Undergrad: 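Here it is, the structure in full.
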Amino acid sequence: MPRRTEVRPLIMLRDAPRRRLIVLTAAVACFAVLAAATWDHRARQTGMDAGLAPIAQSERLVREHAPVIGPPDAAITIVEFFDPSCEACRRFHPILKNVLAESNDVRLVVRYFVGHGSASKAGVRVLEAARRQGLFADVSAALLERQTSWTGATVENERRALAIAETVGLDVNEALQGMDELDIAKILETDRGDATAIGVRGTPTIFVNGKLLPSLEASTLEALIANERHAPEK
């Protein structure tokens with residue numbers, strides 16, 4: 001009776017081509033899926049980029065009501081579609097803050113694109129009240145730095161956001177009186193309409209002189225700004 005150890009190598013030899021074929025087929029399938037996903041991402045990104053050419057000169061990016069940080073007549077305009085409750089916005093904030101601190105030819109225009117329910121809307125209400133008191137930049141920074149303390153689902157979002165804003169100079173009584181005068185719903189509707197028309201899908205989405213920032217990295221933003229500084233005047 002033949003030993004089992006003598007039969008195994010023969011079975012392995014017979015099955016080896018089949019296994020190689022299976023492995024090769026799986027590898028090809030994986031490559032095809034990866035290539036398709038990459039192509040789809042690039043196609044959607046290219047399609048969005050292609051639509052940006054006329055946007056730089058339109059009101060879709062900059063509206064009269066939008067808060068501005070930095071020189072009003074700056075040669076370089078960064079537009080951020082922003083949600084005060086967005087964690088990614090909080091992480092990207094120091095990068096924008098450093099750029100503005102180190103440049104005298106850059107301004108930041110903030111547009112709202114909210115997606116976190118009552119917390120987002122409460123944050124916008126407080127920010128708009130702060131804008132009326134000339135404190136938008138300070139209050140925005142404070143709310144982002146302490147984001148987790150006022151954005152919870154079971155907390156009084158607006159009350160906590162106001163308390164944080166008060167620590168950087170906001171007159172809470174004046175803010176409360178003025179909030180009801182602000183048409184926050186109209187501002188949010190206008191900003192979301194512009195964001196949708198442009199193709200914004202999430203926050204933060206950044207444009208530099210109408211050009212989409214492809215990745216949320218300091219080096220990428222600095223490179224795009226440098227390119228705009230050296231670009232020939234149109």
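Just so it is clear, the model here is predicted, and its values are computed rather than measured.
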Undergrad: Return each pair, listed once, that meets side-chain hydrogen bond (donor to acceptor under 3.5 Å, both in side chains) where at least one residue sits in residues 103-113; pairs must be two or more places apart or across chains.
TA: Thr77-Arg107, Ser103-Arg229, Asp105-Arg229, Arg111-Asp191, Arg111-Asp194, Tyr112-Glu128
Undergrad: Between Leu100 and Ile69, does a side chain to side chain contact (heavy atoms under 4.5 Å, CB included) hold up when you go through it step by step?
TA: CA-CA 8 Å; Leu100 293 170; Ile69 302 174; 3.9 Å; yes
Undergrad: So Arg90 and Glu145, do their side chains get closer than 4.5 Å, heavy atoms only?
TA: no
Undergrad: I'd like to check Phe113 versus Leu188 (side-chain heavy atoms, cut-off strictly below 4.5 Å). Are they in contact?
TA: no
Undergrad: Hey, does the side chain of Thr205 reach the backbone of Gly202 with a donor-acceptor pair shorter than 3.5 angstrom?
TA: yes
Undergrad: Check the hydrophobic clustering (I, L, V, M, F, W, Y; side-chain heavy atoms under 4.5 Å; chains of links allowed) and say if Val155 and Leu127 are grouped together.
TA: no
Undergrad: Pairs of donor and acceptor atoms involving the side chains of residues 160-169, under 3.5 Å and at least two apart or interchain, shall be tabulated with distances.
TA:
from   : atom 1 : to     : atom 2 : distance (Å)
Arg160 : NH1    : Ser149 : O      : 3.1
Thr167 : OG1    : Ile164 : O      : 2.4

Undergrad: Can you list the steps and then say if Val106 with Val99 is a side chain to side chain contact (heavy atoms under 4.5 Å, CB included)?
TA: CA-CA 8 Å; Val106 177; Val99 166; 4.2 Å; yes
Undergrad: Verify side chain to side chain contact (heavy atoms under 4.5 Å, CB included) between Ile206 and Phe92, making sure each step is shown before the conclusion.
TA: CA-CA 10 Å; Ile206 308 293; Phe92 194 69; 3.8 Å; yes
Undergrad: Are the charged groups of Arg132 and Glu174 less than 4.0 angstrom apart, N to O?
TA: no
Undergrad: Please set out all donor-acceptor pairs under 3.5 angstrom arising from side-chain atoms of residues 78-89, sequence neighbours excluded.
TA:
from  : atom 1 : to     : atom 2 : distance (Å)
Asp83 : OD1    : Ser85  : N      : 2.8
Asp83 : OD1    : Ser120 : OG     : 3.0
Asp83 : OD2    : Gly115 : N      : 2.8
Asp83 : OD2    : Ser120 : OG     : 3.0
Ser85 : OG     : Ser120 : N      : 3.3
Glu87 : OE2    : Arg91  : NH1    : 3.2

Undergrad: With sequence neighbours left out, write down each residue that passes side-chain hydrogen bond (donor to acceptor under 3.5 Å, both in side chains) with Glu102, or none if nothing qualifies.
TA: none
Undergrad: Under 3.5 Å, side-chain donor or acceptor atoms of residues 133-140 against the rest of the protein: list the pairs with distances, not counting sequence neighbours.
TA:
from   : atom 1 : to     : atom 2 : distance (Å)
Gln133 : OE1    : Asp171 : N      : 2.9
Gln133 : NE2    : Asp171 : O      : 3.1

Undergrad: Less than 3.5 Å apart, which donor and acceptor atoms pair up between the side chains of residues 219-226 and the rest of the protein, not counting sequence neighbours?
TA:
from   : atom 1 : to     : atom 2 : distance (Å)
Thr220 : OG1    : Ser215 : OG     : 3.0

Undergrad: Stepwise, does the side chain to side chain contact (heavy atoms under 4.5 Å, CB included) test hold for Glu158 with Lys121?
TA: CA-CA 9 Å; Glu158 188 171 298; Lys121 293 178 181 178; over 6 Å; no
Undergrad: Linking I/L/V/M/F/W/Y whenever their side-chain heavy atoms sit closer than 4.5 Å, directly or via other members, would Val114 and Leu143 fall into one cluster?
TA: yes
Undergrad: Does Leu61 share a hydrophobic cluster with Ile76, counting links as ILVMFWY side-chain heavy atoms below 4.5 Å and allowing steps through other members?
TA: no
Undergrad: Would you say Asn157's side chain and Trp150's backbone share a donor-acceptor pair under 3.5 angstrom?
TA: yes
Undergrad: Could you grab the distance from atom CG of Asn98 to atom NE2 of His93, nearest 0.5 Å is fine?
TA: 9.0 Å
Undergrad: When clusters are formed by joining ILVMFWY residues with side-chain heavy atoms under 4.5 Å apart, either directly or through shared neighbours, do Leu213 and Ile198 land in the same one?
TA: no
Undergrad: Is Ile187 reachable from Leu108 through a run of I, L, V, M, F, W or Y residues, each pair having side-chain heavy atoms under 4.5 Å apart?
TA: yes
